[in-house]
**Student:** 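Shown below is the structure under consideration.
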Amino acid sequence: MLLDRVLNAGILETQPAHLQKKIRVANSLGVVLMLGVAIPFTILSLIHFPALILVPVLGIVISGGSILLNAAGSVYAGRVVISLLPITLGAAFQAGLTAAGEPPVLGIHLIELSFSVMVFLVFDLREKGYLIPLMIINVLIISGFDYINAWWEPAVDATVIREGYVGTVAILNSILFTFGSVFILVQQNLLSEKKTTQLLAEARENHQKMVDSEQELKGRVAQIKITQEEEKKRQWASEGLAQVSSMLRDNDDLQAMSDRLIAHIIQYVKANQGGLFVVDEEDGRKCIKLQACYAYERKKFLKKTIAIGEGLLGQAYLEKEYTYMTNFPEEYINITSGLGKKPPSALLIMPLMINDEVEGLLEIASFKAFEPYEIEFIQMLSENIAATLRNGKVNKQTKLLLAESQQQAEEMRAQEEEMRQNMEELQATQEQSDRLKTELEESQSKLQEKLAELVNAQQETEEVRKLEQQRAEEQLKARTDMLEKAVAEFKQTEQQLREEIKQKEAEINQLTTQ
């Protein structure tokens, strides 16, 4: 609206609140002064006091000029004008109406008094450099009426304003201007109160927001602390898992690794003592044996083997679930130190399982209770330890099988040597057989020659020839029988050797497959 633009002329957001308030009051007084005083008195002067018309006209100019000065940014000059010049014009108008020695006109005097308070409306107490001098000037103008009256003596008939309706109008005008000034002040106070109420509401809302933000921040801080605590626990578990995994990789010596492992776990979880038990076989039956321990008292070593289902360890093996106890028999276990013996406050028995098979158990005793994340950490370790124990058993069995295989290989090498010797003997026998066969063929050749000689020798008698032939056939038959016997023995020996070779090869293949 136009009125709002006029009233807010010269007000900037960067200005202090009290200055904005005073600029608005100055603009409001300028409007009231112009509409309620200057214009009405211009009309009255035009009718009754033409000689004084310049004074109210200047009032119109001054009222509008103060607003224009504020709009132009000269907010101090605009306020000085609106607080000083109206009372000056009022005094001049009063001097024009009053002859020397006459009392002042009541209505104009009241208007002057109402103008004198304008300086308190447009300047703040923090602006003493303007407020005090302008207040002094206003007092001097009112109190120096006689001197001002002597300066200007226009020929004006003041009867209408002293005795007629114009005086009444002037009095009413002064009252209305005073009321208007008070109204402006009250309105500004009301606006300030509303603004203050709004600021208080905003402050309360901001305070509530701050409280909510503080609560939210506290919640976030608490959540961050919880997250940090959880992260610290996860990091603790990860570091412990990495350290244990490093130990488990160095498993060439299972006993040494077990000793280092149980000592490290007890120290890492800040327990007091513990033992690592493995599942083994004894006389063809499964049992639980103590593999390694840390800070156990001597009585604990009296029985290193526990039957399946016996005691807490044997029961944990059957149930395949960890056992955590804070109340247990005092005679079960004691922690021994230089100060004596004392039962622990907490006992944890953790089965070491992989693929639902228990490979061993961990028994840990402590003077302090175990936290859930510590139990979870040990539970995470259990599968890795179980895998290492199983690999240790497999490696141990592999070494035994390898030793047996090496022994069998030595035996096979000895048998191969024996077979080689038999083959050499067989080859010698074959060579002898070949030699006998050659001799037989030579004997047959010689016999044929002799038979040929006998055929050629017709002169010998038939009995001698038959006798010699019979003798030769008997010798040939004997040698043939001997040779066939030797060949049969050779074939039999060769067949036996071949069967023994096949048997050895089958045994070698079987061992290789295992």
Side-chain angles (χ1 to χ4, degrees), residues 244 247-248 250-266 269 271-325 327-336 341 343-344 346-366 370 375 378-404 514:
V244 170
M247 289 184 179
L248 294 177
D250 185 17
N251 58 3
D252 294 336
D253 187 344
L254 186 60
Q255 183 60 52
M257 184 272 293
S258 301
D259 292 335
R260 292 195 305 271
L261 179 64
I262 188 63
H264 176 76
I265 293 176
I266 298 303
V269 299
N272 298 95
Q273 68 182 24
L276 173 62
F277 297 82
V278 297
V279 178
D280 202 351
E281 288 190 3
E282 192 174 84
D283 298 331
R285 300 176 63 184
K286 282 189 176 181
C287 61
I288 303 170
K289 291 185 177 181
L290 178 65
Q291 177 73 18
C293 63
Y294 178 84
Y296 267 149
E297 59 178 338
R298 184 170 298 178
K299 287 197 305 181
K300 197 71 177 179
F301 290 98
L302 296 178
K303 188 175 183 181
K304 292 186 178 181
T305 303
I306 300 171
I308 300 299
E310 180 184 358
L312 296 177
L313 286 167
Q315 195 64 31
Y317 172 85
L318 293 177
E319 294 176 356
K320 297 182 179 181
E321 294 287 342
Y322 74 85
T323 301
Y324 177 58
M325 303 178 66
N327 294 316
F328 44 87
E330 294 185 2
E331 64 274 7
Y332 179 78
I333 188 172
N334 285 309
I335 297 177
T336 304
K341 297 180 180 179
L347 177 68
L348 176 64
I349 299 176
M350 181 67 66
L352 307 177
M353 294 193 304
I354 182 171
N355 297 332
D356 205 34
E357 290 292 330
V358 180
E359 298 293 336
L361 297 106
L362 271 178
E363 182 184 64
I364 302 175
S366 175
F370 291 101
I375 298 176
I378 297 173
Q379 199 168 16
M380 285 192 296
L381 295 180
S382 63
E383 186 172 352
N384 292 344
I385 299 174
T388 302
L389 293 177
R390 175 174 289 186
N391 292 337
K393 291 179 181 179
V394 172
N395 292 338
K396 183 178 179 181
Q397 187 176 5
T398 302
K399 288 180 181 179
L400 292 175
L401 292 175
L402 182 60
E404 292 178 0
Q514 293 177 355

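Only a predicted model underlies this, so the values are computations on that prediction, with no experimental measurement involved.
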**Student:** Taking all non-hydrogen atoms of both residues into account, name the closest pair between A271 and A365 and its distance.
**Tutor:** CB-O, 3.6 Å
**Student:** Between Y294 and N272, is there a donor-acceptor pair closer than 3.5 Å when you use the side chain of the first and the backbone of the second?
**Tutor:** no
**Student:** So, for G309 and L318, which heavy atoms are closest and what is the spacing to 0.1 Å?
**Tutor:** CA-CD1, 3.6 Å
**Student:** What's the shortest heavy-atom distance between F370 and Y324, and which atoms?
**Tutor:** N-OH, 3.0 Å
**Student:** Any chance you could measure L261, atom CG, to L362, atom CG, to the nearest 0.5 Å?
**Tutor:**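 Answer for the CG-CG pair, L261 versus L362, is 7.0 Å.
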**Student:** Any chance you could measure L348, atom CG, to I378, atom CD1, to the nearest 0.5 Å?
**Tutor:**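 Rounded to the nearest 0.5 Å, the CG-CD1 separation comes out at 5.0 Å.
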**Student:** Around atom CD of Q315, are there more than 12 heavy atoms of other residues, nucleotides or ligands at under 6.0 Å?
**Tutor:** yes
**Student:** Tell me the closest heavy-atom pair linking I364 and I265, and the distance in Å.
**Tutor:** CD1-CG2, 4.0 Å
**Student:** Run N355 and R390 through side chain to side chain contact (heavy atoms under 4.5 Å, CB included) and show every step you take.
**Tutor:** CA-CA 11 Å; N355 297 332; R390 175 174 289 186; 3.6 Å; yes
**Student:** Taking all non-hydrogen atoms of both residues into account, name the closest pair between S366 and P344 and its distance.
**Tutor:**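 Smallest interatomic distance, heavy atoms only, reads O-CB, 3.4 Å.
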**Student:** Quick check for you: to the nearest 0.5 Å, what is the distance between M353 atom CE and L361 atom CG?
**Tutor:**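 Between atom CE of M353 and atom CG of L361 there are 9.5 Å.
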**Student:** Output the distance between atom CD1 (I385) and atom CE (M350), rounded to the nearest 0.5 Å.
**Tutor:** 10.0 Å
**Student:** Just wondering, do M325 and L312 contact through their side chains at under 4.5 Å, heavy atoms?
**Tutor:**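 SC-SC contact between L312 and M325 confirmed.
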**Student:** I'd like to know if the side chain of K320 reaches the main chain of P351, judged simply by a donor and an acceptor atom lying under 3.5 Å from each other, with no hydrogens or angles considered.
**Tutor:**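 Not confirmed, K320 side chain does not pair with P351 backbone.
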**Student:** Other residues, nucleotides and ligands only: do more than 12 of their heavy atoms fall within 6.0 Å of OH on Y322?
**Tutor:** no
**Student:** Step through the shown structure and confirm whether more than 12 heavy atoms of other residues, nucleotides or ligands are within 6.0 Å of CD on E383.
**Tutor:**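 No, the 6.0 Å shell around CD holds no more than 12 heavy atoms from other groups.
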**Student:** Within the 4.5 Å heavy-atom criterion, are K289 and F277 side-chain neighbours or not?
**Tutor:** no
**Student:** Measure the NE2-CE distance between H264 and M257 for me, rounded to the nearest 0.5 Å.
**Tutor:**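 CE of M257 is found 13.0 Å from NE2 of H264.
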**Student:** Any chance you could measure Q291, atom CD, to I262, atom CD1, to the nearest 0.5 Å?
**Tutor:** 11.0 Å
**Student:** According to side chain to side chain contact (heavy atoms under 4.5 Å, CB included), who are the partners of A386, at least two apart in sequence or on a separate chain?
**Tutor:**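 Side chain to side chain contact (heavy atoms under 4.5 Å, CB included) list for A386, sorted by chain: L352, I354, E359.
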**Student:** State whether K286 and D280 are salt-bridged, where the test is any N-O pair (Lys NZ or Arg NE/NH1/NH2 against Asp/Glu carboxylate O) under 4.0 Å.
**Tutor:** no
